[in-house]
Each structure stands twice: as C-alpha cells, then as structure tokens.
Amino acid sequence: MNVHQLLSQFQATGLESSFHGRHIAPQIMADLNGTNWGLDEYVARGGYAALRKILGQDGGEGLTQDQVIATVKESGLRGRGGAGFPTGLKWSFMPRQFPGQKYLVCNSDEGEPGTCKDRDIMQFNPHAVIEGMAIAAFAMGINVGYNYIHGEIFQTYERFEEALEQARAAGFLGQAIMGSSFNFQLHASHGFGAYICGEETALLESLEGKKGQPRFKPPFPASFGLYGKPTTINNTETFAAVPWIIRNGGAAYLACGKPNNGGTKIFSVSGDVERPGNYEIPMGTPFSKLLELAGGVRTGRQLKAVIPGGSSAPVLPASVMMDITMDYDSIAKAGSMLGSGAVIVMDDSRCMVKALQRLSYFYSHESCGQCTPCREGTGWLWRMVDRIENGQGRASDLDMLDSVAGDIMGRTICALGDAAAMPVRGMLKHFRDEFVYHVEHKTCMVGAYV
C-alpha cells in the first residue's frame, strides 16, 4: 500500500473530521488558515451530533452512562497523553454515586519536547475537545470540568476560551443542556509553563493555586483528586476522539487501528525530516510510512536514530525503527514507548552525546526538587554527559551514568525521574561506541554536525 492509498483509506473512515493536524489531507490543511475552527463549521461537519445522540435529542432514545462507557471501552481508545491507559476503564473508576462534587479535567499541559499536537487540536478544532469532555462528564455524572492549558501557548488559550463562549451561547454547555436534565460547566485554566505540571497530580496542585508538585499515590485522583474530590483526568487528544466514537460506534473506531490499539493517533514529527509537522494516521501504521509522509530524511542523509514517543522515551536505532509499527505494543516490544507521540528523527550527522547532553540538561532544569533521587540524580546525569561532550570524560563515567540512571528509576514520586533516566540508558545501550569515542579521543565520533 503506497502513501496515497493509505491516505485514501484513512479519509474513507471519516476520521479526518475528528482532528485537525498538518500534512494529512486537503480538508484538514484548509483549516490551518484559522477560519474553519468555529461552532458553525464544527456543526456542519457533524459536531455535537454525538452529544445530541446520548441525550436523546436526535430523535432516538439516548444512551445511558453505562452504554457510553461500554462504547468507549469497545473502541480500544487508550490515553493519548503518554501512559496509554484504557480510557473506558479509567472512566469506570469514577464513583458515579458519590453524593458530593466530582470533577473532570483535561490535561492540555503539553510540555514534552517534540510534542505539538494538543495545541493544534485546540487551535483548529477546539469544539471536538469540548464535546468530548461533555460526553465524558455525562458518562461519569460530573457537572464541572476544567481544561488546564500549557502556560506558553496563550493564543491557543484565548482560542479555546472563545470556543467555550460559543458552546455556552448555543446551549451545548451550562444548565439543562439542549433541554435535558444534564448540566455541565466547563472552564479553561491557563498554566504556568512548568514541565512538571504535565504530571496529573502536579497539574491538580497547580489548578488549586499551589506549587506544581506531584502528590504521593495512592490515593489516586479517581478517589482524591481536585480539591480532594473524585476526579478523572484525560489528555486533549483523548477527549477529541470521543465524539467520533459515539457517532460511529466503538467497533468502527477499533477497526481503524489494531487490537488493543484502536483508532488513529496524531504524531508530531520533528527533527531531520523534509516536512516536520503533525500527522494523524491509523494506529499500527508502519514507521516507514509515517517517515514517508513527513518527506523522508532530509536530502543526502541517512536515518540514524528515532525517539518515538517524546524526549523521555528511549532512543531506537534506524535498524529497529524501520521494522516496527506505530502503536503502543509494538514500540514497547522494541524497547521504547509510544508516549506522547512525539517522533524525533535524527540523521547520520547527529552526535548522540550532544543530543543526550541537551536532554539531560532539560530534565535537570525541570525537576521540581521534591524527590532526592530526581533532584540530585538528574544533575549528576547532566554534569557527567556535559563533561564527556566537552572532552573531559573518564572511562568510569559510562558505567556511572548507567548506575545513576538505574538508581533514579522507580524511586521517585512521579515519572520525571524515569523520564530523565530512560534516554540515558537508551543512548548507552544503542550508541555506547560514540560515548567511548568521546572519552578516548576527546572529540565527536561523527565529526561536524548541524
């Protein structure tokens, strides 16, 4: 199947109306001019039909909460923020009969280096997120929700606020939605730009007006979340997929992907490719097809390595990447993770020591400092890699790097420590020869790089 056939198959599913990424199809590209994001255009594409369906406003009998959750479970939709946890299963954890306040939260704190999909969804198709959150709120008996938006994309925050006003004015949010007994208020909250606030409990702390630091778990948010009340948190892309699933059925969405990996996924492709951008493809698409969609490796170069799921995922060499498909299970089997879907492509001019130096600095800088292994260990990792990169490395540094990374993993409150350790271990596993060369020759193995 060539790229054009793949695109035709994808467009035939109708999924192109769910998300609005770059370089997928002319219908989607047209929306990037910023004129087709509004309520009227969304309704013309079938928007809010799913909400009407569950509320029985389309002439049908409506759906029960159990039916909505069952449909999402059937779809095979997994959390698109990084963890890949089954969405319908997470929704079933919410204690629907809880007598007090419950909350729904959208995690739009997109801070993972290389990831830029959620901001495009909110910029070019915000009503898909709003409708998806309203459906989730109905399914779990929740009447208040928040969308926590990354602090460095204020224009996107303003766009989402405008979409909220449109939805309220049209009766898709608020009291007695579309004349039903369902009430749901949704608010946007502007974050502060800290990477740690992408961790769900640190996000809740920030949303409460406190310093963004992760909480100990258990208790989990489903029982003790925002303001100590039961809370369900999902990613932006996850919510945006829900309206299509309700309109077309869980089985149809599952069929667009592969078993245990239903539907489509937006991948943010960056690095050494001809056409970097966001690409929505069926789960299970070969990496080689995704690379082809992005125009291939930049002219005159060969593929060297790929970080398949954002900067915190272990790197994989070209020989491995060209044989895998883009889904949770295949990438995990290869020794990495799909994560946020940020695909960072590196060609044969890239120095792996230099790349790790930059990544290690980022995680050292972004550690909240709450846990000693992360607070101290991320700094050690960066200083050792920096020493190697600058021609001052020692032979013992390589084993020490691996040892420190191993001592960080699994010993912190949240996953930031693991996020700092996994790139180190992945680089040493697949590109140790470059680190050895740096130590022995005090210079880069690949020569000049750009």
Side-chain angles (χ1 to χ4, degrees), residues 78-87 90 93 105-115 118 148 150 191 193-207 211-222 224-225 231-238 268 307-316 328-329 331-332 335-342 344 356 359-382 401-402 404-427 429:
R78 295 171 64 170
R80 301 304 199 224
F85 193 82
T87 303
K90 176 182 277 193
F93 293 157
V105 175
C106 179
N107 186 345
S108 295
D109 190 69
E110 187 175 45
E112 179 80 356
T115 314
D118 293 344
Y148 186 95
H150 190 64
Y195 175 79
I196 194 63
C197 288
E199 196 279 332
E200 62 179 12
T201 61
L203 183 155
L204 294 178
E205 290 286 293
S206 179
L207 196 53
K211 183 178 180 179
Q213 287 190 322
R215 300 173 180 174
F216 285 96
K217 294 182 285 189
F220 293 94
F224 189 91
T231 303
T232 294
I233 308 168
N234 282 122
N235 170 258
T236 316
E237 185 184 352
T238 310
S268 300
I307 303 177
S311 64
S312 59
V315 67
L316 293 174
Y328 295 99
D329 299 335
I331 296 178
S336 189
M337 50 194 285
L338 185 141
S340 63
I344 304 172
L356 185 59
L359 291 176
S360 296
Y361 174 79
F362 173 81
Y363 288 108
S364 176
H365 180 270
E366 292 295 336
S367 173
C368 75
Q370 186 176 191
C371 306
T372 300
C374 184
R375 182 184 65 247
E376 303 299 330
T378 54
W380 294 349
L381 292 176
W382 172 67
L401 272 173
D402 193 60
V404 171
D407 287 341
I408 295 173
M409 289 191 66
R411 292 177 171 84
T412 53
I413 295 173
C414 80
L416 190 145
D418 289 7
M422 286 190 290
V424 172
R425 306 196 95 177
M427 290 288 190
K429 177 181 179 181

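Keep in mind that this is a model prediction, so the values were computed, not measured.
With hydrogens and angles ignored, the 3.5 Å screen pairs no side-chain donor or acceptor of Ser312 with any backbone N or O of Ala419. In terms of modelled atom types and a separation under 3.5 Å, the side chain of Ser336 and the main chain of Pro314 share a donor-acceptor contact. Side chain of Asn107 to backbone of Gly198: a donor-acceptor contact under 3.5 angstrom is found. The backbone N or O of Gly406 sits less than 3.5 Å from a side-chain atom of Arg411, completing a donor-acceptor pair. A donor-acceptor pair is defined here as one N or O able to donate and one able to accept, closer than 3.5 Å; no such pair exists between the side chain of Asn234 and the backbone of Gly79. Distance alone, capped at 3.5 Å, places no donor-acceptor pair between the Ser206 side chain and the Ala202 backbone. Proximity of a side-chain donor or acceptor of Ser360 to a complementary backbone N or O of Leu356 within less than 3.5 Å is detected.
Contact annotation: the side chain of Glu366 never approaches that of Ile196 to less than 4.5 Å [non-hydrogen atoms, C-beta and beyond]. Using a 4.5 Å heavy-atom cutoff, the side chains of Asp118 and Glu237 are in contact. A heavy-atom distance below 4.5 Å is found between the side chains of Ile307 and Leu359. Within the 4.5 Å cutoff, no side-chain heavy atoms of Ser311 are placed close to those of Pro423. With a 4.5 Å cut-off on side-chain heavy atoms, Cys368 and Leu416 do not count as touching. Contact check for Pro373 versus Asp407: no side-chain heavy atoms found under the 4.5 Å cut-off. In this structure the side chain of Ile408 reaches within 4.5 angstrom of the side chain of Leu381, judged on heavy atoms.
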Where do Thr201 and Glu199 land on the side-chain hydrogen bond (donor to acceptor under 3.5 Å, both in side chains) test, with the steps shown first?
CA-CA 6 Å; Thr201 61; Glu199 196 279 332; 2.6 Å; yes

Evaluate ring-ring contact (aromatic ring centres under 6.0 Å, His included) for Tyr195 paired with Phe362, printing each intermediate quantity in order.
CA-CA 10 Å; Tyr195 175 79; Phe362 173 81; 5.1 Å; yes

Tell me, with the steps shown, if Val404 and Val424 meet side-chain contact (heavy atoms from CB on, under 4.5 Å).
CA-CA 10 Å; Val404 171; Val424 172; over 6 Å; no

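One finds the CD atom of Gln370 at 6.0 Å from the CZ atom of Phe216 (value rounded to the nearest 0.5 Å). Here the OG atom belonging to Ser340 is positioned 7.5 Å from the CD atom belonging to Glu110, to the nearest 0.5 angstrom. Note that CE of Met409 and CG of Asp418 are 4.5 Å apart. Values are rounded to the nearest 0.5 Å. Between Ile233 atom CD1 and Thr238 atom OG1 the span is 12.0 Å, to the nearest 0.5 Å. To the nearest 0.5 Å, the span separating NZ on Lys90 from CZ on Phe220 amounts to 11.0 Å.
The heavy-atom pair separating Ala342 from Thr115 by the smallest distance is CB-OG1, 3.3 Å. Listed here is the closest heavy atom pair of Arg215 and Ile413: O-CG2, 3.2 Å. Taking each heavy atom of Thr378 and Ala420 in turn, the nearest pair found is CG2-CB, 3.6 Å. The shortest heavy-atom contact between Gly84 and Arg78 is O-NE, 2.7 Å. Heavy-atom minimum distance, Asp109 versus His150: OD1-ND1, 3.1 Å. Considering all non-hydrogen atoms of both residues, Gly310 and Glu112 come closest at C-OE2, 3.3 Å.
Other residues, nucleotides and ligands contribute only 12 or fewer heavy atoms inside 6.0 Å of the NZ atom of Lys211.
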